Amino acid sequence: MSPEIHALIKPGVDYDLLEIAPDDLATRLPKLLTEYDGLNVTIPYKEKVQDYLSIISEEAAQVGAVNTIYGGQGFNTDLYGFKRLDFDYKGKTVLILGSGGVAKTMLYSVGSLGAAHVIMRVRDKQKTQPLVSRFVAYFPHCEISLINDDELSKWNDPIHYILNGTPLGMWPKVNCLPLDENSYLKLLESGHIEAVFDSIYNPLSTRFLLLARQKQIEAVNGLQMLFYQALEAQIIWGNVLENDVYDAKPDDLTQLLLSKFPIKLVLSGFMASGKTTIAREIAKRIKLKFIDLDFEIEQAENSSIAQIFKTSGEAYFRQKEAEVLARFMHGEESFVLATGGGTLLQAKNLECVRQNSGQIIYLDVSLNEAIRRAGDRSSRPLLQAPDEVIKELYEARQEKYHAIADCVINADLTPARVVDSILNLFLLG
Ligand code: S3P
């Protein structure tokens, strides 16, 4: 995405992407240093590139990574991108997930911004220990602890910020969390968390961020860091002045991301919870394809849902439902898809959605409201039953809907408000 981001910050700028094989670095880099005014360096060369530079900024040297070069000098603008987050770490406890390059940048930044205690959740403590010993010397006021998942699950002292520096939750594995779900929920419910940050920006709202936002906790994605590290590189290269007024802002990258990477929003919920209406409106608002699963089944079978149930039975309907769902989920295209009320309660359908990067939004409607909206119920075979039977079905499904959802939305509200809450939650508004 870098060429597009730089073009957004500084229209007309020339920014080429060059791939260099590890064996060619020693011969190609010195030439590039003379051919180009400025360079960005990315994984896996942020450390190695230091060997070819005569001067390295103090911060970049201390972090041990360079991502921007100008006039033979090395800088680290990732640090700047991360520091632009509006978080006040002074005297606070920060949990960093991961121990790779991003986590290292986070550790250095929060240490220099006055955190009292940084807890790093790592897989291999021994491997990370040398890094900690080195950083402790730069920030003597800051205690640094290394813990594993098990220790995190038993952690009881206040933690104020959680920063994800791992790639867990990144497309296509959007259902992954970077830490154990129960440990995370316990922290989010502790009353101490002030904000969480995810270095991931694809998807824009990871499951990690959605869980926090639903608990009214500030949850920031990696777009800001991405945007500001590029802006700082342009300042270093002299293309943009520090005090320039920029029209561009991190949110401008949202459309760019949507055009480059797929997003698959899957709406679930009881019959008449509003799945079709809401999915259609969201698709319209963010200009994505809208899919109504029941409609697609009717098209494929050339028959109404009620008729399919009547002539071929529910088992046949479920089979067709699974086939049509799989067809869409396996595609590469972005969409907003309205499922049928029973679709995701079938294990294989849920698996298919999860395996293919669907993000599940549960429209939580009350039974009374669903029945009111369903009107004469004639088009819904499963609603052709006495109220007690429908109530039983509703109650049996409630718990499952909650358990499988990435986020839960109050669907008793008007469609316009439901649409707004979803777009706000996903930062797509
Ligand atoms: C069903 C819900 C219906 C339809 C079919 C089965 C269910 O869709 O797929 O009648 O099992 O809940 P809606 O939820 O759109 O009514």
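Start at 1 with the first residue, then count along the sequence. Computed from a prediction, not measured in an experiment: that's the story for all the values here. Atoms within a ligand are numbered from 1 in the order they appear, just like the ligands themselves.
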Asks: Ignoring hydrogens, just give me the one of Arg318, Glu314, Lys275 whose non-hydrogen atom is nearest atom 11 (O) of ligand 1.
Replies: Arg318
Asks: With atoms numbered from 1 as shown, which atoms in ligand 1 lie under 4.0 angstrom from a non-hydrogen atom of Pro381?
Replies: 10 (O)
Asks: Below 4.0 angstrom, N of the basic side chain to O of the carboxylate: do Lys348 and Glu351 qualify?
Replies: no
Asks: List for me each residue that meets side-chain contact (heavy atoms from CB on, under 4.5 Å) alongside Met170, sequence neighbours excluded, and say none if there are none.
Replies: Pro167, Ile200
Asks: Are any of the N/O atoms in Gly342 less than 3.5 Å from those in ligand 1?
Replies: yes
Asks: When you look for heavy atoms under 4.0 Å from ligand 1, do you find them on the side chain of Leu382, its backbone, both, or neither?
Replies: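 Within the 4.0 Å criterion, Leu382 contacts ligand 1 through side-chain atoms alone.
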Asks: Heavy atoms only: which of Arg373, Arg397, Arg380 lies closest to atom 12 (O) of ligand 1?
Replies: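 The residue whose heavy atom sits nearest atom 12 (O) of ligand 1 is Arg397.
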Asks: Any chance the side chains of Tyr15 and Asn40 put a donor and an acceptor closer than 3.5 Å?
Replies: yes
Asks: Using a strict 4.0 Å cut-off to heavy atoms of Asp294, name the atoms of ligand 1 that fall inside it.
Replies: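 Those atoms are 3 (C), 4 (C), 8 (O), 9 (O), 13 (P), 15 (O).
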Asks: Tell me whether the rings of Tyr89 and Phe82 are parallel (<30°), tilted (30 to 60°) or perpendicular (>60°).
Replies: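 Ring orientation, 0 to 90° scale: parallel.
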Asks: For Ile263, run the side chain to side chain contact (heavy atoms under 4.5 Å, CB included) check against Val174, Leu428, Asn202, Val336 and tell me which one passes.
Replies: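 Of Val174, Leu428, Asn202, Val336, side chain to side chain contact (heavy atoms under 4.5 Å, CB included) with Ile263 is met by Leu428 alone.
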Asks: Distance under 4.0 Å to a non-hydrogen atom of Ile305: what atoms of ligand 1 satisfy this?
Replies: 5 (C), 10 (O)
Asks: Does ligand 1 come near enough to Gly341 that some N or O of the ligand is less than 3.5 Å from an N or O of the residue?
Replies: yes
Asks: With the side chain counted from C-beta on, respond yes when Val94 and Ile159 share a heavy-atom pair under 4.5 Å apart, and no when they do not.
Replies: no
Asks: If we count only N and O atoms by modelled type, under 3.5 Å, do the side chains of Tyr80 and Gln229 hold a donor and an acceptor together?
Replies: no
Asks: Of all the atoms in ligand 1, which lie at a distance below 4.0 Å from a heavy atom belonging to Gly340?
Replies: 8 (O), 9 (O), 14 (O)
